[in-house]
4 protein chains.
Amino acid sequence: MTTLIKNGRVITATDDYIGDVFIDGEKIVGVGKTLPQTADRTIDASNKLVIPGAIDPHVHMELPFGGTVSSDDFKTGTIAAAFGGTTSIIDFAIQYKGKTFKETLDDWDSRAGPKCAIDYSYHLAVTEYEPRHKKEFAEVVERGITTFKIFLAYPGVFMIDDTTMFRVMQSAGEAGGMTLVHAENGIAIQQMIDNLVAEGKMEPKYHAQSRPPTMQADGVARALRVGEVANAPVFIVHVSCESAMNEIVRSRDEGNASFGETCTQYLFLNETYYDKPNFEGAKYVFTPPLVPKENIEPLWKGLKLGYLQEVSTDHCPFNFKGQKELGRGDFRKIPNGGPGVEDRLSLVYDGAMKRGFSLNKWVDLCSTASAKMFGMFPKKGTIAPGSDADIVIFDHNKERTISAKTHHMNCDYSLFEGMQIKGLPETVLSRGKVIIEDGQYKGTPGEGKFIRRGECAQL
Amino acid sequence: MTTLIKNGRVITATDDYIGDVFIDGEKIVGVGKTLPQTADRTIDASNKLVIPGAIDPHVHMELPFGGTVSSDDFKTGTIAAAFGGTTSIIDFAIQYKGKTFKETLDDWDSRAGPKCAIDYSYHLAVTEYEPRHKKEFAEVVERGITTFKIFLAYPGVFMIDDTTMFRVMQSAGEAGGMTLVHAENGIAIQQMIDNLVAEGKMEPKYHAQSRPPTMQADGVARALRVGEVANAPVFIVHVSCESAMNEIVRSRDEGNASFGETCTQYLFLNETYYDKPNFEGAKYVFTPPLVPKENIEPLWKGLKLGYLQEVSTDHCPFNFKGQKELGRGDFRKIPNGGPGVEDRLSLVYDGAMKRGFSLNKWVDLCSTASAKMFGMFPKKGTIAPGSDADIVIFDHNKERTISAKTHHMNCDYSLFEGMQIKGLPETVLSRGKVIIEDGQYKGTPGEGKFIRRGECAQL
Amino acid sequence: MTTLIKNGRVITATDDYIGDVFIDGEKIVGVGKTLPQTADRTIDASNKLVIPGAIDPHVHMELPFGGTVSSDDFKTGTIAAAFGGTTSIIDFAIQYKGKTFKETLDDWDSRAGPKCAIDYSYHLAVTEYEPRHKKEFAEVVERGITTFKIFLAYPGVFMIDDTTMFRVMQSAGEAGGMTLVHAENGIAIQQMIDNLVAEGKMEPKYHAQSRPPTMQADGVARALRVGEVANAPVFIVHVSCESAMNEIVRSRDEGNASFGETCTQYLFLNETYYDKPNFEGAKYVFTPPLVPKENIEPLWKGLKLGYLQEVSTDHCPFNFKGQKELGRGDFRKIPNGGPGVEDRLSLVYDGAMKRGFSLNKWVDLCSTASAKMFGMFPKKGTIAPGSDADIVIFDHNKERTISAKTHHMNCDYSLFEGMQIKGLPETVLSRGKVIIEDGQYKGTPGEGKFIRRGECAQL
Amino acid sequence: MTTLIKNGRVITATDDYIGDVFIDGEKIVGVGKTLPQTADRTIDASNKLVIPGAIDPHVHMELPFGGTVSSDDFKTGTIAAAFGGTTSIIDFAIQYKGKTFKETLDDWDSRAGPKCAIDYSYHLAVTEYEPRHKKEFAEVVERGITTFKIFLAYPGVFMIDDTTMFRVMQSAGEAGGMTLVHAENGIAIQQMIDNLVAEGKMEPKYHAQSRPPTMQADGVARALRVGEVANAPVFIVHVSCESAMNEIVRSRDEGNASFGETCTQYLFLNETYYDKPNFEGAKYVFTPPLVPKENIEPLWKGLKLGYLQEVSTDHCPFNFKGQKELGRGDFRKIPNGGPGVEDRLSLVYDGAMKRGFSLNKWVDLCSTASAKMFGMFPKKGTIAPGSDADIVIFDHNKERTISAKTHHMNCDYSLFEGMQIKGLPETVLSRGKVIIEDGQYKGTPGEGKFIRRGECAQL
C-alpha cells in the first residue's frame, strides 16, 4: 500500500517547502518537489500544511486517582488525540507499592495495548525504591522505556523522599535513562493545606492558594541540584510559572542536562478561573494549579527561546458531574486533572502564530522536540525518508470554536470552552494509514503500537 | 566604680573620633572629646582603637557530638573568647528527643551559668516538634531567647524534615522570633557518603567531596522559600560558598527577610587543606567543609556589600589527639568542628583591612550587626550612652603569629597555625570590669550573665 | 556659647538612645545619658528625635537653564532647606565653555558665599576638557572639592562625549576625586525627540516618552564600564528606574566602585502625572522624567538593601507661571526641574517608616551616607564628639500636609501638593546656632560656610 | 544535468537519515531512502555525511584596511572557502564617505561578480548617514540586501556616532532589514590606546590590552538598547567574550530581537597568543582581540543553548611578511584581521563533537542558522526539495593537521597552525555542480552568483 500526499506545504522543525510526500506501507520513503511515483492512494494537500504527527508526552488515561478514575480510557483518549492531530502519546505507568517495575509495565501494557488508536509509550513512575529495584532500571530501558518519573508532591500517595530521588536519578542515568520530576515541595504544601483547612477555607480556589509558585520553584531547584550531584539528566514536567522556569534556565546555564515542559492550560488560563461560581472553579483543579496571568507571556517566551523544550497537556480528565463534584465542600477531595489531549496542536498553533513564532518552531514544540527528548527520533517527529508516516494535514485557515459539545474527549466540559481559534487537523495518518478524515475516525482501536524508545537525545 | 578610657580612637559601626569614654558601673554613660569627669580608674588608649566588645553568635561549648564532647567548656571557651576581644557569645542549646524546650534551656543554663567569663545567650536548636511544643515558642521568646535553630543536615541525629521546618519557622515567626538554618541537603549528602564508602573512599578529603557546594545552595534555597511561604524571617548559618550566598541575595531581593553569615575559616582556608598528610586533613573536618578557593573573594565581597550580615566562628573544637583521631580510616567518625572563637576579631581585622574595608565595617561585622540581628542592641554592639560597657582596646599595629602554642582555647591545634596578622585585643572590659589586661585574664568564671534578647532588628 | 539638648532620642546611622547632647561653640563635644554640664542654653527634646542635620547633595540654586533661571537663589533655597531640616547642600558649579575650573568655582563662590543660610559645597560640572584642564583637577581637590560631574544628556548644552568622559573620570580618580554622572543616552534621546516633534507631539507627556528607562540604563551601564576601565569611582545621580539601578548593582557586584542615588520625586510620583490637564503636566517636567509606577517599590527596596546610597532632591525649581509656561506648545522649551529641597527629610521619614525601615537607615539615607560618600564625614553626618553641631530636633508625631501655600521655597507649586505626612523638623541648629525655631528662620543669610571636602569614603 | 548522491548520512539542522539526494540542474528535487531515479552522474556517499553547503556570513575579501588590502581577493578567497565546504559567503560592502549606497554596492558587484567561485552576498556597511540616504534603504532591500552594518569602533575610519546608529537601525528596520553591529566603545578604546602609546607600550599584546572585554560588553549593551528604542532587530557580530554575550541574552530575554555570532578564532585561541616571540603575536591582531581563555567554554555553551546564533570567521587575511610587519614597533599599524574562511566547517565539527553537540546543531551553526538569520532560507541552508543543491560530502572520520603549507587561502600563516582535527569536506557541490573533488578545485571563478536575500527570519 502506497500513499502520495501531493502539493502540501511541508513543515518540519527546520524545513518549509511545497512538495510531495511518498509513503510506502508504514514509512515515508521520499519527499520531492514533484515526485514521479504513482501511489495506491493520492491525497491532495494544496493550501494545507503537512506536518509530522504531534506527540503528547504527558497524558494519563484511565488513571485511578483520588478515589475515581480519569474519564478517558486508552480508547476514547487516543481517538480524541487523533482528532487533535496527535499520533503518539506517552502515558505514565505508575508503580504501586510492592510491585516490580515489570509488573507495573505489564499491567499498563495489558490495558493500553488492546485499546490504543495511535502509537504509545509510557514513562515509568517510580514510587518505591528498594535495593531489589536497582537492577530493574536496565531491564526497563532494554524494554524501550527510557524515562522514569518521580513525584515530589502528593505525600502519602506518590511522593518519594530525597533519598529515593537521588537513587532513581542515579540508577536511571546509569542505565541511559532520564528522570522526569513533578517538582513541588509536597511537604510544605501539605502544611499550607492543613493551615487552610484549619481556617475553614475549603473552596476550589484554596487548592491554588495552597500551592504557590515559590513551592514549585523550590521543587524544581531541588530536583535539578540533586540531578547535578547524581550526574544525571532531569526533565521537569508541567512547569506553570516563571520562577520555576528560571530555575531550569539557571541550571542548564551552569552546564547541567536540565530540561522542562509546560502545558497548554498554563499558556492560556490563569488563577482567576478559580473564582467561577457554582463550584465551576473545580474544573480547573489540577496540579500545579493555574497561576497569576503575569506568568503567561514569560512561558511563551521560554518556549520561543528554548528555556522550555515542548508543550504537553497533562491530560487527565474527570467529569464535572460525579467526579469533580466529589470535592464539593473540600477542595482536597476534588480529583486533580483536566481534559486537553485533543486541543493542543491547534491551541499552540493559534498562540504561537499570534506571537510571531515560525511554523517550524510550532512543529518543534508539538512534535519534534518530544521525539528527540524522549528517544523516538527519527522514527517519530519529522517528515523524512525512513520515518514513520505519522502525518497531519493541517488546515491552518480553518476557524473554529472549542467546545465540550464537539470535542471527542470523554469529559463533560472543556478547559477552553468558547475559545475561538484558527487551525484544524483535517486528515491524520498513523504509520501510513488514514485514521482521521472528513471529521470521522477511520481506524480501529488497538492498531496503535508500543513505541520502543531509545536514549534521550539532548537537544 | 567609674572608669575613664581616654584619648582612644573610638570606632563604632558609624563613628570614628578621638575621645573619651566614661563608664559608671556596668554602663557607658558618656562619650566626649575631653570629658570633664574624673574616674576611679583611668585607662590611656592613645594610639589604640576603642571598639565595642565583639560578639560571636555561633559557638558550641562542651557540645556532645559524634561520641565525644567539644573540648572547650563554657569556662575555657569564654576565657579564650575574652582574650580574642569577644565579650558575648551565643551558644546553641540543643533539644534532645523527648525534651521540652524549657528542659533544654534549663540544662544549658545549669552548665553555662557557673562557668561563663563573658555574657552569653543561646539559640534554641529544635530537633523535634510535636503539637505540645507549639505553645512553648512564646515561652522561649518570653525568656529572652528569640532565635530558633534547625538542621537540614545530619539525618538521624539533628536533622528535621520539611514539615518540622515549616512548623518551626511559622511558630517562631508568630512568636516574634527568627529561625536559623544549617542548610544542606542532608539526604542527598547521605547518599553521596554511602556511595563514597561503598567505593572505599575513607580519607578526610571525602568528607568534603560528599558535601559539594550545590547541596548547600539547595538547602539554602529550600529554607528561604519555605520561610517565604511561612512568612517568617530566616537566617542561614555558616555560608561557605558563593552559590549558597547567591540564594540569600536572590531571596532578599525578592522581598523576604533572608539573612546569613559566614565564618572565619571560610574566609581564609580552602579545600586543599584536606590533602595534608598524616591524617592532618581531619583538623579541617567541619560542616560545611572547606570549598575551592574561588569562593573566598566572593564571600569577602558579600560581607562588604551586605549580602551576608556578620562573621562568626562556629567554634566547636576537638583535639587532634584522641578526638579527631576517632575517624582514622573512616571520615564519618571524625568529630565535626574546629577551634576559632579566640581568633575572629583579629583575623577579620586583618582580612578586612587588606581589602579596603572601613574600620566601621569591621566593627559592624564583628559586633554591631550581630547585636542588631539577634536582638541585643543597643545593650551590646556599640559605644553609646546607656550601652553595656563591653569594650575592647585594640592595638591595631601589633603584629603577631597565630599558634596553638600561644592560644587559650583548649585545643591542641590551630586552624590558622603560623598565620601572621596585625591587631591584638589588648585590654577587654566586660560590663565595666577589665577582664583581659597585660596578656592576663583578670576575671572570675561565672561572672558572665545571660543576655535576655529581644526581637531581631532587621538591618 | 554652650548648648545642651536634653532628653531627646538620639538617632545616628547606628545608634538609638535617650540622652543629652552638649555643644560648645560650633561643635558637639559630648553625649551622655545625663550630662553633668550646664550650658548657656538648654533645649528640651523630650519625646522628639535628635538627629544629625540632613544633607542634600544634589541641588541647583539660581541655575541658568533653558533661557531662564531656577527660581530659588542661594538665600531662599537654603532657608527653605533649613526649614526642611537640611543643614548642608551640595550645588553644582557648572563650567561654561572657555572657563577654567578656578573661574567656575570663583563664580559660584561669589554667588553662594554671601547668601547661604546653611553650609554648602559644590560638585564641579565639567563640560569641556582641554589638555590645559588636566592639571586643574588636583587644584580643585586641593580646594576641597572632590567630586566632578559630567552630563551624558543635553547635547549641545552640557553633554560631553565618551572621550571627555574617560578623561574626566581618569583625571578625577588620579586626583583622589569621584565622578558623578547624569547618565542618559542623550544622542538617542535627541533622535526620539526629533521623531516626536516631527509627528507633532508637543505636550509635556512627550518629554517622558522621549526618555524611556532603557536609555537611562544605557547611560548608566556605559558610565560604569568606562569608569571601570578608567579605574575610577563613579556615582550615578538621580536614578529613577529599576533597570538603571540594576546596572549599578551589577557593576558593584563585579568589584567596581559604583554608586548611586535616587530622588524624592521618583520615590512618590509616577508618569501618570504628565496627564494632568491645563498644561499642569509641565510641573513634573524634569530629567530624568517620572516613570511607570512599577519602579517605585524597587527603588525603595534598593535603598533598603544598599543598592543605592542616598536620597537627594535635584532641587531646581521653576515657577509654573512665567517659567514652566515657556514650554506651552513645545515640551522642549519647558525648563527642566522642580522644587524639593524643603520636603526631603520628612518625605523620606514618612515613606521609610511605612516600609519598615529603621530610624537609623532613615538618618543614613538623609545624612550620614552623603557625608561619607562626599567626603564630609565626620564633620557632617553624625552626632558624635568633634562633629559640627548640625542638629535637627524632629517631631516624628507631627502630622501635616505639604503645600505650596506653606512651603518656603520660591516656587508657586509643590510636587507633593496635598500629601499628608508625619514628621516635622521642629528645631534646627547649624554649627551650634539655632536657625529654625517655632516655625521661624532665626539665622542670617551668609552665615553658611563653604565645606572643604575630603576624599570620598566608599561605604 | 541530474546528479544522484547515494547512501550518504544526510544531516540537516533537524534530520538525520541514510538516503539519497536527487539533483536536477541547480536544485535538489527529492530525497528518499532509495530513490528510483537514475541520474547523469551518481556519487556514492556511503559512510560520509551529506550536509547543506556551509555559509560564512562574515568575510572581508580584498578589503582596503590600514593602508593595505586583505590578501584574499574574491577569487582566491572563495576557492579557499569552497575547499572548506563553504558554498556561500556574505562580504561587507563598505560605504566610503560621500558615496551613495548604490555606488557602494555597484563597486562591490564589479569586483566580486567576475571572481567568485561560490555564491555571495554583502552586508552594506553604512559609515555616513545624510538625509538623502534615508530613501536608499528600501532600494537596498529591494536589491536583495537586507542587512546593514555599522561600526562603533575605529573612530575616524568607519565609526559612526549614536545619532547615526539610531537612524540606521530605524531606517533599516522600517525597510524590513536588520542592523549588524561591530560593538565596542571605540572612543574609550582610543583613550586607552593613547595612554598605552604615551607609556611606550607598542608591542602586539597592547592591541589586546587596549580593548578589554568590558568595552565590548559596553558596545553590545548600547547597540541593543538603541535597537530597542528604535524598535529594530540588531545582530552583534564577532562576539568574543562572555560578558558581551550575556548582554545579548539579557536583551533577548527582555523581548527584543537581539542576536549574535562568534567566530572560530574565539572558540579555540586565547590572549596568551600575543606573547609569541619575534612579533608573531601580530598574526593574532584582529578586532576584537583574543581574550582570556576563561571565555572559551562559555562561548561554546552559548552556541549550544542558543545564546549565539552561528559561527563565522571574520576572514580578513594579511600576510605576515609585508603586511602584518607594517606594525613592527607600533601595534596601531598592524593591519587588523586574520585568515579563516577555509577552516571553519571542520573546526566547528571538531569542537562541537568534543563537547557533545548533535550533528544537527553543527549543521545549524555552520549553515542553517545563517541562512535563516540573513534571509536566504530555504534557498540555502538545508537539504530539501526546492533548495539550491549546495551540498558538502563530509568525511567525518578523516584526521588531518591544519597548516598554512596546505591551506588554499592566500596568506602565509594559519591561525590554527598544527592543530589536529577530524573531518574533511571531501566533495563540494555549488548549485548542482561539483566544484571540489579529489582535493582539486573543479570550478570556474565567476560562476558564483549574487544571492538576493529576503527578510531575516528570526529563529
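Throughout, protein chains are lettered first and strands after them, A, B, ... in sequence-line order, and every chain is numbered starting at 1.
- Only the side chain of C:N195 comes within less than 4.5 Å of a heavy atom of chain D; its backbone N, CA, C and O stay farther away.
- Annotation: the span from D:R250 atom CZ to C:N246 atom CG amounts to 10.0 Å, rounded to 0.5 Å.
- Here CD of C:Q190 is found 11.0 Å from CZ of D:F166. Values are rounded to the nearest 0.5 Å.
- Within the 4.5 angstrom heavy-atom criterion, only side-chain atoms of C:N185, from C-beta onward, approach chain D.
- Interface residue C:A217: backbone and side-chain heavy atoms are both found under 4.5 Å from chain D.
- The CG atom of D:D218 lies 7.0 Å from the CG atom of C:D162; values are rounded to the nearest 0.5 Å.
- No part of C:E254 comes within reach of chain D, as not one of its non-hydrogen atoms sits under 4.5 angstrom from that chain.
- Around the CG atom of D:N231, the shell of radius 6.0 Å holds no more than 12 heavy atoms that belong to other residues, nucleotides or ligands.
- To the nearest 0.5 Å, atoms CD1 (C:I187) and CZ (D:R222) are separated by 10.0 Å.
- Only the side chain of D:E247 comes within contact range of chain C, with at least one heavy atom under 4.5 Å from a heavy atom of that chain.
- Annotation: C:K301, atom NZ; neighbour count of heavy atoms from other residues, nucleotides and ligands within 6.0 Å is above 12.
- Around atom CD of C:E297, more than 12 heavy atoms belonging to other residues, nucleotides or ligands sit under 6.0 Å away.
- Checking C:N256, C:V226, C:V229 one by one against D:T214, the side chain to side chain contact (heavy atoms under 4.5 Å, CB included) holds for a single residue, C:V229.
- When all heavy atoms of D:M215 and C:R225 are compared, the closest pair comes out as CE-O, 3.5 Å.
- By the ring pair (Phe, Tyr, Trp, His ring centres under 6.0 Å) test, C:Y274 is found to be paired with no residue, residues two or more places apart in sequence or in another chain being considered.
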